[in-house]
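Have a look at the structure below before the remarks.
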Amino acid sequence: MSDLKTGLSEAAAAAFAALGLPADNARVTPSDRPDLADFQSNGALAAAKRAGKNPREIAAAVAEKLQGDPRLASVEIAGPGFINLKVSDAALSQRADQIAADPRAGGELVPEPRKVLVDYGGPNVAKPMHVGHLRSSIIGEAIKRLYRFRGDVVIGDAHFGDWGYQMGLLIGAVCDEDEAVRAEVERLNAAADLPAEWMTSLEPEVFGKVSLADLDRLYPQAAAKGKEDPAYRDRARKLTAELQAKKPGAYLLWRQFAKVTRVALERDFHALGVDFDLWKGESDVDDLIPSMVAELADKGLLVEDAGARIVRVAREGDKRELPPLLVVSSEGSAMYGTTDLATILDRKNSFHPDQVIYCVDQRQADHFEIVFRAAYLAGYAQEGQLEHIGFGTMNGPDGKPFKTREGGVLKLNDLIQMTRDKARERLLEAGLGENLPEAEFEDIAGKVAVAALKFADLQNFRGTSYVFDLDRFTSFEGKTGPYLLYQAVRVKSLLRKAEGEGAVGGPVAVTEPAERDLVLTLDAFDAALVEAYDKKAPNAVAEHAYRLSQSFSKFYAACPILSAEPAVRASRLTLAQATLRQLEQALDILGIAVPDRM
RNA sequence: GCGCCCUUAGCUCAGUUGGAUAGAGCAUCCGCCUUCUAAGCGGACGGUCGCAGGUUCGAAUCCUGCAGGGCGCGCCA
């Protein structure tokens with residue numbers, strides 16, 4: 001069951017082929033001139049160029065072949081050789097019935113499902129998530145859901161940054177601040193009589209008082225000190241190496257860091273409706289590193305350089321010299337490129353992904369290019385299987401990465417709370433809330449907040465940066481998440497009313513312009529999914545959801561439903577049902593949930 | 001210095017891989033609620049697509065140069 005565009009493309013391709021013309025550019029697309037046609041094919045122009053013929057003649061010949069197609073109400077030539085197609089009401093009605101009957105609301109499956117892993121590019125342990133993590137969560141989640149909906153087997157992995165230098169910095173900083181912690185770390189490091197299962201069984205009581213707030217407070221200080229004080233930095237790097245060598249004191253203190261961080265992360269992700277299949281991190285591949293390093297050495301890829309061990313990844317024809325992958329630091333510790341490489345190896349062994357998508361800030365493009373090249377050299381993945389999906393930053397009104405009024409980084413939790421407060425305010429302004437139970441009102445406010453944040457983000461192409469504007473995002477007017485929820489809720493309300501009156505859906509019979517427009521929009525769902533999938537660009541789905549809402553709203557204004565005569569009412573109810581299902585499906589792919597009323 | 005990305009309506013952004021008259025939203029102005037949620041719908045206003053060349057029948061889109069902005073460039077992630 002394919003959409004109209006696909007069916008018409010096939011017909012056009014057949015027509016081109018019958019005329020001895022290449023069929024590959026016969027593609028039919030939605031018309032740029034809705035006043036003239038529903039669909040168009042520009043293939044005659046390209047074919048004429050290749051064959052050195054008159055495009056209008058070719059268009060006329062193709063048009064004649066298409067003329068008899070029962071789906072088409074008219075075939076016309078316009079301009080230099082555009083073929084304009086108008087679909088018959090009957091074909092539109094039939095297509096609407098198909099979509100309405102389809103649990104997938106018109107969205108097709110990929111021909112061959114693949115195994116895809118989405119890497120959310122890790123929030124860091126010991127640092128609360130800030131607005132910078134918002135985009136990778138939102139975009140990664142949308143890509144995961146999109147791929148899954150289209151039939152791929154997808155695993156999402158948070159991939160925490162929990163094993164690097166910042167851990168050494170924090171171990172040092174916490175010990176400096178708390179003598180008891182320091183003593184315990186030293187005692188454990190030196191202890192000779194630990195039980196075999198100490199890594200998982202021991203939870204030293206003194207470590208229990210270290211909170212995320214402590215880490216959050218100490219980290220910026222320690223990072224700053226590490227930058228200016230070489231001795232302090234060296235100690236942190238040594239402590240990092242100790243942690244990675246699993247010295248008990250360092251390791252168990254680190255486990256406390258990971259524990260308190262995880263609680264906060266789960267809270268923030270839950271609030272955003274984001275979840276992971278794997279909560280893995282850099283530390284999980286630590287055991288693989290020694291053998292991986294040995295293997296890289298065996299393969300002759302590892303080179304000594306300035307006390308460190310590196311893999312050179314520069315290639316012939318590079319426009320500039322790409323730095324090498326730093327595998328082992330001069331201190332003997334693993335760098336983030338090391339764990340990233342080991343993670344690729346781990347995923348190859350455990351999941352055999354056809355593709356791994358890294359959903360990480362554009363600024364890390366070079367890093368991933370380096371790691372990917374090393375992975376290809378080492379045979380841990382095939383060229384092209386690893387892909388970095390970069391995105392821009394969320395900026396403040398000044399056009400620079402978003403900061404609080406005080407100039408600090410805004411924590412994700414605070415951002416979510418801010419948005420939720422605003423959502424409540426908006427709902428109350430609109431006179432909602434008095435009639436609703438407290439719990440439902442809170443649920444709605446939460447959904448409105450998430451819709452506002454996610455839709456604002458996802459309506460932009462991921463590669464570009466955007467300006468954060470809470471008032472605009474939470475507005476119920478215009479191209480916003482709350483507007484989409486309102487539209488969906490309005491359909492739900494209509495359908496409830498219909499049900500109360502005993503009105504049921506029936507076969508679609510398209511007659512009105514608003515009905516035509518709505519069905520054409522419904523039909524365009526699959527094309528939006530394909531585009532979003534191929535370009536890893538959820539904004540195509542967001543755009544479709546918005547267009548669908550608009551089409552429905554026009555239909556809703558122009559075509560009375562419940563008061564129409566029975567056959568028309570049944571047809572329009574079917575259209576409303578199909579719209580709701582597709583809209584909810586599109587929003588679900590974006591990670592946006594719709595309340596029942598608002 | 002080298003490299004990557006960006007520059008489209010007053011503001012925030014899309015732009016179907018080179019096609020017709022470059023689209024939305026906000027803002028401004030004008031209409032439409034005794035009728036299914038007006039948080040809506042219809043209409044108007046608003047553009048040298050950063051600048052200059054080039055390729056092409058045809059360029060916001062491809063190539064070159066320039067200007068402005070952002071980002072990155074091995075022991076942080």
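Just so it is clear: chains get the letters A, B, ... in the order the sequence lines come, proteins before strands, and each one is counted from 1.
In the displayed structure, Lys492(A) atom NZ is contacted under 6.0 Å by more than 12 heavy atoms of other residues, nucleotides or ligands.
Gly79(A) comes within 4.0 angstrom of nothing in the nucleic acid, heavy atoms only. Base contact: Asp35(A) has a heavy atom under 4.0 Å from a base atom. Heavy atoms of Ser563(A) sit nowhere under 4.0 angstrom from any nucleic acid atom. Among the atoms of the strands shown, none is found under 4.0 Å from any heavy atom of Thr393(A). Looking at heavy-atom distances under 4.0 Å, Tyr556(A) makes contact with a base. If you check every strand for non-hydrogen atoms under 4.0 Å, Asn84(A) touches a base. Among the protein residues, Thr464(A) comes within range of the sugar-phosphate backbone only, with heavy atoms under 4.0 Å from sugar or phosphate atoms but none that close to a base. When heavy atoms are screened at a 4.0 angstrom cut-off, Gln550(A) is found touching the sugar-phosphate backbone but no base atom.
Using a 30° and 60° split on the angle between ring planes, Phe455(A) and Tyr546(A) fall in the tilted class, from 30° to 60°.
Nucleotides of RNA chain B nearest to Thr480(A) and Ala37(A) differ in position, and the one nearer the 5' end is that of Ala37(A). Along RNA chain B, the nucleotide closest to Met598(A) and the one closest to Phe461(A) are compared, and the more 5′ of them pairs with Phe461(A).
Close to rA14(B), at under 4.0 Å from its OP1 or OP2, lies no side-chain N or O of Tyr466(A). The side chain of Lys479(A) places no N or O atom within less than 4.0 Å of a non-bridging phosphate oxygen (OP1 or OP2) of rC26(B).
Helical stems in RNA chain B, defined as runs of 3 or more consecutive Watson-Crick or G-U wobble pairs with donor-acceptor distances under 3.5 Å: B:1-7 with B:67-73, B:10-13 with B:23-26, B:28-32 with B:40-44, B:50-54 with B:62-66.
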Report summary line: In 5'-to-3' order, the base (B), backbone-only (S) or no-contact (-) status of each nucleotide in nucleotides 72-77 of chain B, using a 4.0 angstrom heavy-atom cut-off, is S-BBSB
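The nearest whole Å value for the distance from the NZ atom in Lys447(A) to the P atom in rA39(B) is 22 Å.
A distance below 6.0 Å separates the ring centres of Tyr336(A) and His367(A).
Stacking between Phe82(A) and rA20(B) is shown: the ring centroid lies under 5.5 Å from the centre of the six-membered base ring, and the planes differ by under 30°.
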